[in-house]
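Quick note on labels: first sequence line is chain A, next is B, and so on, each numbered from 1.
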Amino acid sequence: MNPSYSQAPVFSRQTPGCIVLLVDRSDSMGMPWAGSEGLTLAQGAARAINKLLFQLCVKSTKEAGKPLRPYFYVGVYGYGLCPRTGLEGVESALPGALAQRAIVPLPELADSPIDVRSDPSADALPRRSRMPVWYEPAHGFRTPMCAAMALAGAHVAEWARAFPRSLPPIVANITDGLVTDSPYQGVDLAGWAARLRSVRTDLGHTVLLNAFLSADPAPITAFPAHVRDLPEPAPELFAISSELPEQMVRNARAEHIDLEPGARGFVFNADLAMLVRFLEIGTRYEVRDG
Amino acid sequence: MADRVTTAVELVAFAVAKAGSADAEWEDGTGYDPGDPRTGRPARLVVADGATEAYDAAHWVGQLVDAFLAPDGRAPALDPAGLDAWFGRQQQVWAGAPRAFATVFEEHKFLESGSFATFLGCEVHGLGGPEPRWVAAALGDTVLFHVRDGRVLAQVPDLAAEDFGVTPDGVSTQPGQRARMRGALRTRDGALRVGDCLLLATDALAEWVVRAVRDGDARWRELTSVDHPQVFRDLVDRLRAAGDVRNDDVTLLRAHVTPTEAGVLVICR
């Protein structure tokens with residue numbers, strides 16, 4: 001049945017969204033992030049992640065005094081230093097017992113912040129005074145990005161089987177470095193990324209977004225359609241990034257970002273403000289029940 | 001000498017919540033004041049539609065509907081200046097209401113984006129006499145259709161089918177939105193006869209009516225005669241199942257001009 005009315009893709013209680021963040025926790029994430037208020041890359045990434053989770057919670061708030069609506073499932077994975085074990089690897093970075101379940105309904109995460117702090121946001125909202133914190137920065141060891149894609153892919157596939165009528169999962173990878181575990185179990189980064197992107201619902205394939213952070217001031221390239229002139233690791237990250245779905249194209253254009261046909265979900269040399277915008281553009285869909 | 005024709009309006013409202021939502025989650029609002037032909041107070045009709053992502057839209061819609069129908073002078077004049085001032089008063093009432101936020105997310109949403117609803121207000125003047133007139137003001141994609149002999153004589157706002165589903169205009173709780181609201185407000189009026197019908201419909205149903213009229217699909221005329229809430233619900237279910245109407249809250253307020261004594265409002269859900 002083709003509806004005769006215009007129908008934008010939506011998240012709803014019946015067809016929730018799945019948003020998964022992969023966060024580089026390698027040693028180099030401890031470097032200062034130029035132009036980001038004295039934050040390290042790890043601290044800036046944590047601020048962007050907490051801001052995104054906060055925005056999703058706000059979006060899921062409908063009625064006064066009522067629980068959040070389960071419009072989203074979320075997962076956060078760190079790779080590099082695993083604070084729970086003190087070793088190198090990949091682990092869920094969700095707080096407390098939620099880490100055992102990997103991808104959880106957002107209302108459960110909303111109820112489980114590590115802390116609530118006064119924390120200026122990246123866009124300096126003037127009136128906010130309290131900000132829940134779910135994700136803490138960490139850094140150490142190398143960059144096992146393949147293992148992160150493998151673990152996230154397994155959980156995303158499980159989620160997609162449970163919600164086949166939903167929009168496909170969105171996975172955003174935030175990194176500042178070169179992958180150090182490729183090949184992993186005989187498969188290189190491109191292979192693990194392809195496996196992750198192959199996970200699908202009835203409405204399409206998993207969307208993989210990649211944000212490369214630059215500690216030093218450098219020209220930002222957002223949502224490119226090619227990377228002919230960019231240095232490593234831009235070509236590799238560009239190659240594993242999904243072409244932007246129509247909704248994300250609309251989101252980017254609403255932010256006055258010019259896009260060429262074939263633009264991909266990739267940003268190179270992102271500063272903190274661009275990382276926040278990148279995550280917003282990649283996750284902004286209407287929520288509507290029904 | 002011919003008898004002088006006296007007119008009245010017979011009113012009925014129907015509402016169906018989104019499929020998959022409880023009836024209590026219906027976020028539209030509608031109501032009617034029959035007016036008083038003896039004093040010249042016009043009849044008033046109102047429909048509002050809370051935005052899906054707005055904060056506590058049901059309460060904002062309820063406030064707008066109640067205030068529009070208030071008999072104590074809180075109702076607005078249906079002209080741009082009167083409505084602009086009334087929107088400002090409603091924003092003040094909203095901001096000044098005592099609130100206790102259950103979560104930091106509620107507080108943030110209240111402060112940063114607030115609530116939002118489309119609004120359609122209508123007055124019918126001259127009831128009791130032979131030449132009643134309607135005047136309507138619309139902000140957003142809740143639509144009034146003036147129907148005579150199975151044809152749409154007038155529509156406010158004048159939206160094409162493609163205009164629905166995009167970010168609609170509406171009444172915001174944010175004072176900073178007043179200028180935008182002034183620019184988006186649409187008003188129109190028209191003369192009524194016995195047998196005419198005013199249909200006030202929220203966006204999902206209005207979009208279907210606009211498309212049906214454009215395409216010569218006569219099924220929309222069922223809205224001028226449907227007389228039982230289950231019949232209306234069945235119609236909406238059929239339209240949703242056929243992909244003709246999006247799954248959204250649906251509200252229809254109908255005023256039928258009759259030569260007899262007016263009925264009373266019944267909201268059928």
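Atom OG of A/S60 and atom NZ of B/K109 lie 7.5 Å apart (nearest 0.5 Å). If you take CD on B/E112 and CD on A/Q55, they are separated by 11.0 Å, rounding to the nearest 0.5 Å. Note that the CZ atom of A/R130 and the NE2 atom of B/H108 stand 12.5 Å from one another [nearest 0.5 Å]. Atom NZ of residue A/K62 and atom OH of residue B/Y55 lie 12.0 Å apart, to the nearest 0.5 angstrom.
No donor-acceptor pair under 3.5 Å is formed between the side chain of B/E106 and the backbone N or O of A/T61. Remark: the backbone N or O of A/K59 is not paired with any side-chain donor or acceptor of B/E53 at under 3.5 angstrom.
Pairing each heavy atom of A/G65 with each of B/A102, the nearest pair is CA-CB, 4.0 Å. A pairwise comparison of heavy atoms in B/F105 and A/L68 identifies CD1-CD1, 3.9 Å as the closest pair. The two atoms that bring B/T52 and A/V287 nearest to each other are CG2-O, 2.9 Å, heavy atoms only. Contact detail for B/S21 and A/R13: the closest heavy-atom pair is OG-NH2, 3.4 Å.
Residues meeting the side chain to side chain donor-acceptor pair (under 3.5 Å) test with B/D84, sequence neighbours left out: B/R178, B/R182.
Here A/R69 pairs with B/E25 in a salt bridge; the nearest charged N to carboxylate O distance falls below 4.0 Å.
Other residues, nucleotides and ligands place no more than 12 heavy atoms under 6.0 Å from the CD atom of A/E158. Crowding of A/E246 atom CD: a count of heavy atoms from other residues, nucleotides or ligands under 6.0 Å not exceeding 12. No more than 12 heavy atoms of other residues, nucleotides or ligands sit less than 6.0 Å from atom CZ of B/R151.
Among residues 105-116 of chain A, the residues having any heavy atom closer than 4.5 Å to a heavy atom of chain B are, in sequence order, A/A110.
Interface remark: B/A54 contributes backbone atoms only to the contact with chain A (heavy atom separation under 4.5 Å).
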